[in-house]
Novice: 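I am attaching a structure below and will ask some questions about it afterwards.
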Amino acid sequence: MGRLGSWIEPFPEGIYVKPADAWVDPSQPKDKALVTHGHADHARGGHGAVWATPETLAIMRVRYGQQNANPVAYGESVRIGEVEVSFVPAGHVLGSAQIILDYQGERVVVSGDYKRRPDPTCAPFVVVPCDIFITEATFGLPVFHHPDTASEIDRLLHRLHAEPERCVLVGAYALGKAQRVIAELRARGHDAPIYYHGAMERLCNLYEELGVPLGELRPATGAKKEEMAGHIVICPPSALNDRWSRRLPDPITAMASGWMRIRQRARQRNVELPLVISDHSDWDELTRTIREVAPKEVWITHGREDALMHWCMLQQIKARELNLVGYEDEDD
Ligand SMILES: [Zn+2]
Ligand SMILES: [Zn+2]
């Protein structure tokens with residue numbers, strides 16, 4: 001065999017695994033797709049056949065309808081063409097997986113999106129030593145350091161309790177972040193009902209069906225204004241500033257995102273209470289993960305590649321940018 005990983009070919013629309021004749025997270029419909037997780041920039045509809053975890057397949061079914069689905073649970077493996085394929089947790093959202101590809105004695109791990117800190121809604125990231133580690137770099141700059149999640153949740157609760165005649169409206173992505181914020185609030189002892197925007201309903205129900213308890217949730221639609229005073233309301237970021245929020249009692253606008261570290265992003269969305277809660281690794285998590293995985297090569301898919309490339313060079317790890325398109329995230 002020639003160069004390391006010569007059987008893996010990156011294209012702008014995804015990673016092609018030649019001896020399996022299959023694609024990882026393709027952004028266009030393909031005959032065979034291996035999907036790391038349910039976010040729209042990784043999971044698309046319309047593939048001939050999909051291999052993913054049962055949870056990811058359930059999420060895809062909610063979003064795209066019935067798929068030709070091949071469930072592969074964490075720790076299981078399947079043979080596709082000449083490649084042994086297995087899935088292990090990535091700690092990003094429910095069902096998110098790193099995909100392990102073994103072929104002729106070489107091991108490639110495609111991590112998809114991942115984080116290292118605990119998340120009550122999904123299984124924690126598993127370190128898998130490999131020859132080539134394919135990583136994202138969404139927050140791949142040393143300035144990105146996500147604070148402790150519990151302290152961000154406490155800031156939210158403090159603000160809620162300080163002005164009981166108002167509500168706090170939290171913008172959070174409908175898949176993953178919304179359920180995580182709810183579960184983190186429960187973990188901090190917040191037992192009151194949480195109101196949600198209609199766009200959250202199906203995914204919140206699915207999380208509960210798949211065994212992630214979220215406590216008492218109520219639709220904001222149809223609820224009286226006074227009833228929501230002193231409560232938390234969760235909506236997709238796009239609904240933060242639209243007409244929909246006029247039905248709420250004088251909302252304090254919050255948003256849960258890794259990007260809230262950047263003041264300008266918070267200001268753009270008129271966010272009064274920025275909460276730095278991310279489903280991606282920060283700089284320390286990215287570099288710690290690469291150290292622990294100890295690959296011979298690092299391939300970087302999306303995000304801020306330059307600083308991570310440079311860091312790998314200093315560690316004498318060969319690194320390469322893949323320049324995939326279409327991965328700018330639904331999630332953060
Ligand atoms: Zn994602
Ligand atoms: Zn992504």
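Sequential numbering from 1 along the given sequence is applied to the chain's residues. In each ligand, atom 1 is the first atom listed, and ligand 1 is the first ligand listed.
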Novice: Please note down the angle at the Zn ion (ligand 2) between OD1 of Asp113 and NE2 of His42, to the nearest 10°.
Specialist: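 His42 NE2 and Asp113 OD1 form an angle of 90° at the Zn ion (ligand 2).
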Novice: Does the gap between the ring centers of His145 and Trp283 come in under 6.0 Å?
Specialist: no
Novice: Is it the case that the ring center of Trp23 lies less than 6.0 angstrom away from the ring center of Tyr16?
Specialist: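 That pair passes the under 6.0 Å test.
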Novice: Would you call the rings of Tyr114 and Phe125 parallel, tilted or perpendicular, taking 30° and 60° as the class edges?
Specialist: tilted
Novice: Which of the N/O/S atoms in His39 sits closest to the Zn ion (ligand 1)?
Specialist: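 For His39, the N, O or S atom at the smallest distance from the Zn ion (ligand 1) is ND1.
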Novice: Please find the N/O/S atom of His92 nearest to the Zn ion (ligand 1) and write down its name.
Specialist: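 This residue's closest N, O or S atom turns out to be NE2.
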Novice: Please check if Leu322 and Val109 belong to a single hydrophobic cluster, counting links between Ile, Leu, Val, Met, Phe, Trp and Tyr side chain heavy atoms closer than 4.5 Å.
Specialist: no
